[in-house]
Amino acid sequence: MTIQAQKGTKDILPGDSQKWQFMEETAKEVFSNANYQEIRTPIFEATELFSRGVGTTTDIVNKEMYTFIQKERSITLRPENTAGVVRAFIENGMHRLSAPVKLWYHGPMFRYERPQAGRQRQFHQVGLELFGIEGPIADAEAIAMAIEYLKKLGLPDLSLEINSLGCPKCRTAYRDRLKEVISKNIDQFCENCRSRLDKNPLRILDCKVPQCQELLADKEIQDVINSDFICEECSDHFEKLKEYLDAMGVKYSINKLLVRGLDYYNRTVFEIKSNSLGSQNAVCGGGRYDALTELLGGQPTYSVGWAMGMERLLSLINYDVKDYLDVFVVSSSAKEAFLLAQYLREHGFKSDFDMNCKNFKKQFEKASKLNAKYAFVLGEDEINNSTVTVKNLSTTEQKIIKRDDMLNFLNQV
RNA sequence: GCGGGUGUCGCCAAGCGGUUAAGGCCUCGGAUUGUGGUUCCGAUAUUCGUGGGUUCGAAUCCCAUCAUCCGCCCCA
């Protein structure tokens, strides 16, 4: 047996790699245009960073981490990047920078799961974090960045859902009430939900088991869900966020069941979904996580951010990013062709030639296949006369020009 | 962790107990030796994921194993 790529990992081959470059370049363009700066953090971190930062009740920490022991240290391949960015923020004293601190990143993440459509063990995320602003204007900008990015990728028709989880104060009261009404019939809920009751009762709300959904339809439970449990400050924050979104013309729907799997969120949470992705349909997820920095040992810092799954974006990009060549050099001499192509490359023209130096027919064939705009023919005559025959491969017109005029010619067309 | 599907050339595949294991794409060679994108001709799997078994005979049936895909849980 030959060696294969590991389960849940994929090679990104030419054909797709152009799309990846497009996603990365577009991210840089959109985010730096709004004055976000790129941060690159290590791919592995101390395991404790994730168990504390992501939360011990989450699936990520409980069953999906790539953890290994090295020299008695427990190391984990990052399953997401917010914890790492916050660690870097604290470690590098970035709270002393003028707020807001606006960062973006992209790179591989690792989660030990059964692969399926839209889910791999090594996958890639592009994300953004905004630190130091308490007001909902920060949430609004973060969301606007996500929307703008998707628009620039040519994916404008995705649906945005938002919700507010409240703050620790009001959420605790809400959680207790929810726990109270759900626990009346808790023995009828699924096994998962029964264990969630104590650890994270909010997660019961988006359980997919039909039986649980039916139980949740209970009037008493619905009354609690629909009650405006969040305190005045949180409610005010949420209302203002909606005002900002309305003012920007961003469409959204409110999903009271949206709680998200990570422990660190408070107030705003949001998700962007696609209808054409199969069952793994979340393209973007994020929210506000004001308590995380302090939890990880830093100064209390208001924070909001999101991450998108790049593989999922990729499968939504259904147009080709086409490759082309400015010039393909056709010659009877591989050496002459090489030198000319190299000269053109040095002057910024995308050029190639045939290293096998077959007959002209083959070389022209190759020029067409590579989508070259021009063929520069360099036969014996041209070499002796310091000229080059230029053929426009789409019109088939050709003419002889002096070598000295090549760059002028290319600059003019 | 659980459930289902699939495994024949680099890719897409036909074949369903006895065939020299179709076909298409890609690749390579050729159709007067300096001209392409169209066309035509030709080449490329002793072998059907792997290991056993049944049979006179297996890619085709059975068992095991591995890989992969899809779904559940959950998420990007």
Side-chain angles (χ1 to χ4, degrees), chain A residues 1-10 13 15 54 57-64 78-82 106-127 146 158 190-193 195-196 200 203 206-210 212 258-262 271-274 277-286 305-316 328-333 354 356-383 389-398:
Chain A
M1 258 313 245
T2 48
I3 298 169
Q4 291 178 281
Q6 292 298 290
K7 188 195 284 290
T9 68
K10 277 214 167 76
L13 301 172
V54 178
T57 71
T58 62
D59 283 355
I60 291 179
V61 169
N62 285 319
K63 55 180 200 187
E64 296 170 4
R78 64 184 187 192
E80 56 98 54
N81 206 26
T82 297
H106 71 100
M109 309 293 158
F110 305 84
R111 261 121 99 155
Y112 190 90
E113 299 181 87
R114 283 294 273 275
Q116 69 184 71
R119 175 192 289 158
Q120 294 170 206
R121 289 185 175 178
Q122 177 177 173
F123 63 104
H124 298 76
Q125 288 187 332
V126 52
L158 302 170
C190 72
E191 199 189 322
N192 256 323
C193 285
S195 69
R196 281 168 181 151
N200 195 348
R203 292 266 304 281
D206 60 5
C207 181
K208 306 289 192 300
V209 177
C212 297
L258 180 64
V259 297
R260 306 207 41 76
L262 287 69
E271 214 165 82
I272 298 175
K273 291 178 181 166
S274 160
L277 273 181
S279 48
Q280 311 307 326
N281 63 354
V283 166
C284 174
W306 53 256
M308 294 193 196
M310 297 181 79
E311 279 78 4
R312 292 181 190 178
L313 293 177
L314 180 80
S315 63
L316 292 173
F328 189 89
V329 182
V330 172
S331 178
S332 46
S333 156
D354 186 3
N356 289 322
C357 197
K358 295 280 173 49
N359 59 45
F360 276 38
K361 185 184 166 66
K362 291 290 167 203
Q363 296 190 43
F364 273 97
E365 251 173 49
K366 199 158 187 171
S368 296
K369 246 173 240 165
L370 294 173
N371 211 8
K373 293 177 186 163
Y374 293 94
F376 277 18
V377 184
L378 204 54
E380 275 178 42
D381 293 348
E382 288 89 344
I383 293 169
T389 298
V390 173
K391 178 168 182 176
N392 180 323
L393 289 169
S394 48
T395 65
T396 77
E397 278 176 277
Q398 76 179 45

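Each chain gets a letter, A, B and so on, in the order the sequences are listed, and its residues count up from 1. Small disclaimer: the values here were computed from a predicted structure and weren't measured.
- Proximity of A/Ser331 to A/Phe376: side-chain heavy atoms (C-beta onward) are nowhere separated by under 4.5 Å.
- Taking the P atoms as reference points, B/rG51 lies 16 Å from B/rA67, given to the whole Å.
- With both ends at atom C1', the span from B/rG5 to B/rG36 equals 45 Å, rounded to whole Å.
- Taking the C1' atoms as reference points, B/rA21 lies 25 Å from B/rU65, given to the whole Å.
- When the P atom is compared between B/rU50 and B/rG7, the two are found 13 Å apart, to the nearest whole Å.
- When each of A/Ser368 and A/Gly118 is assigned the nucleotide of RNA chain B with its nearest heavy atom, A/Ser368 is the one assigned upstream, toward the 5' end.
- Pair assignment for B/rA64: B/rU50, on the basis of Watson-Crick or G-U wobble contacts that are both within less than 3.5 Å.
- No more than 12 heavy-atom neighbours from other residues, nucleotides or ligands sit within 6.0 angstrom of OH on A/Tyr112.
- Note: CG (A/Leu370) to P (B/rG36) measures 16 Å, nearest angstrom.
- Between B/rC2 and B/rC16, the distance separating the two P atoms is 36 Å to the nearest Å.
- Nucleotide B/rG17 has no partner under the Watson-Crick or G-U criteria, as no pair reaches both atom distances under 3.5 Å.
- The nearest whole Å value for the distance from the CZ atom in A/Arg78 to the C1' atom in B/rA76 is 13 Å.
- Between the C1' atom of B/rC66 and the CD atom of A/Gln6 lies a distance of 13 Å, rounded to the nearest Å.
- Among the atoms of the strands shown, none is found under 4.0 Å from any heavy atom of A/Gln363.
- Judged by distance alone, the side chain of A/Arg312 and the main-chain N or O of A/Arg119 form no donor-acceptor pair under 3.5 Å.
- Distance from the side chain of A/Arg119 is smallest to B/rC73 among B/rC73, B/rC72, B/rC75.
- Atom C1' of nucleotide B/rC2 and atom CD of A/Glu113 are separated by 15 Å, given to the nearest angstrom.
- A heavy-atom distance below 4.5 Å is found between the side chains of A/Asn392 and A/Tyr374.
- Side-chain contact, A/Thr389 with A/Gln398: no donor N or O sits under 3.5 Å from an acceptor N or O.
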- line: Contact string for nucleotides 28-35 of chain B, one letter per nucleotide 5' to 3', B = base within protein heavy-atom range under 4.0 Å, S = sugar-phosphate only, - = neither, reads -SSB--BB
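- Under the 3.5 Å distance criterion, the side-chain polar atoms of A/Gln120 are left unmatched by any main-chain donor or acceptor of A/Pro115.
- In this structure, B/rA43 forms a base pair with B/rU27, meeting either the Watson-Crick or the G-U wobble geometry with both donor-acceptor distances under 3.5 Å.
- To the nearest angstrom, P of B/rU38 lies 13 Å from CG of A/Leu393.
- The partner of B/rU33 cannot be assigned: no Watson-Crick or G-U wobble pair with both contacts below 3.5 Å exists in any strand.
- Taking atom P in both B/rU8 and B/rA14, one finds a spacing of 11 Å when rounded to whole Å.
- For the pair A/Asn392 CG and B/rG37 P, the computed distance is 16 Å after rounding to whole Å.
- Across all strands shown, B/rC72 forms a Watson-Crick or G-U wobble pair with B/rG1, both key distances being under 3.5 Å.
- Atom OG1 of residue A/Thr395 and atom NZ of residue A/Lys373 lie 13.5 Å apart, to the nearest 0.5 angstrom.
- Using modelled atom types, no side-chain atom of A/Glu113 and backbone atom of A/Glu64 make a donor-acceptor pair closer than 3.5 Å.
- In this structure, the CG atom of A/Leu316 is 12 Å from the C1' atom of B/rA76, given to the nearest Å.
- Between the CZ atom of A/Arg111 and the C1' atom of B/rG1 there is a distance of 18 Å, rounded to whole Å.
- At least one side-chain nitrogen or oxygen of A/Gln116 sits closer than 4.0 Å to the OP1 or OP2 atom of B/rG71.
- Residue A/Lys10 places its side chain closer to B/rC69 than to any other of B/rC69, B/rC75, B/rC73.
- Residue-level contact check: A/Glu271 touches neither bases nor backbone, having no heavy atom under 4.0 Å from any strand.
- For B/rG10 and B/rC72, the C1' atoms lie 35 Å apart once the distance is rounded to whole Å.
- Between A/Pro79 and A/Met109, every side-chain heavy-atom pair lies at or beyond the 4.5 Å cut-off.
- Base contact: A/Thr396 has a heavy atom under 4.0 Å from a base atom.
- Taking atom P in both B/rC73 and B/rA58, one finds a spacing of 46 Å when rounded to whole Å.
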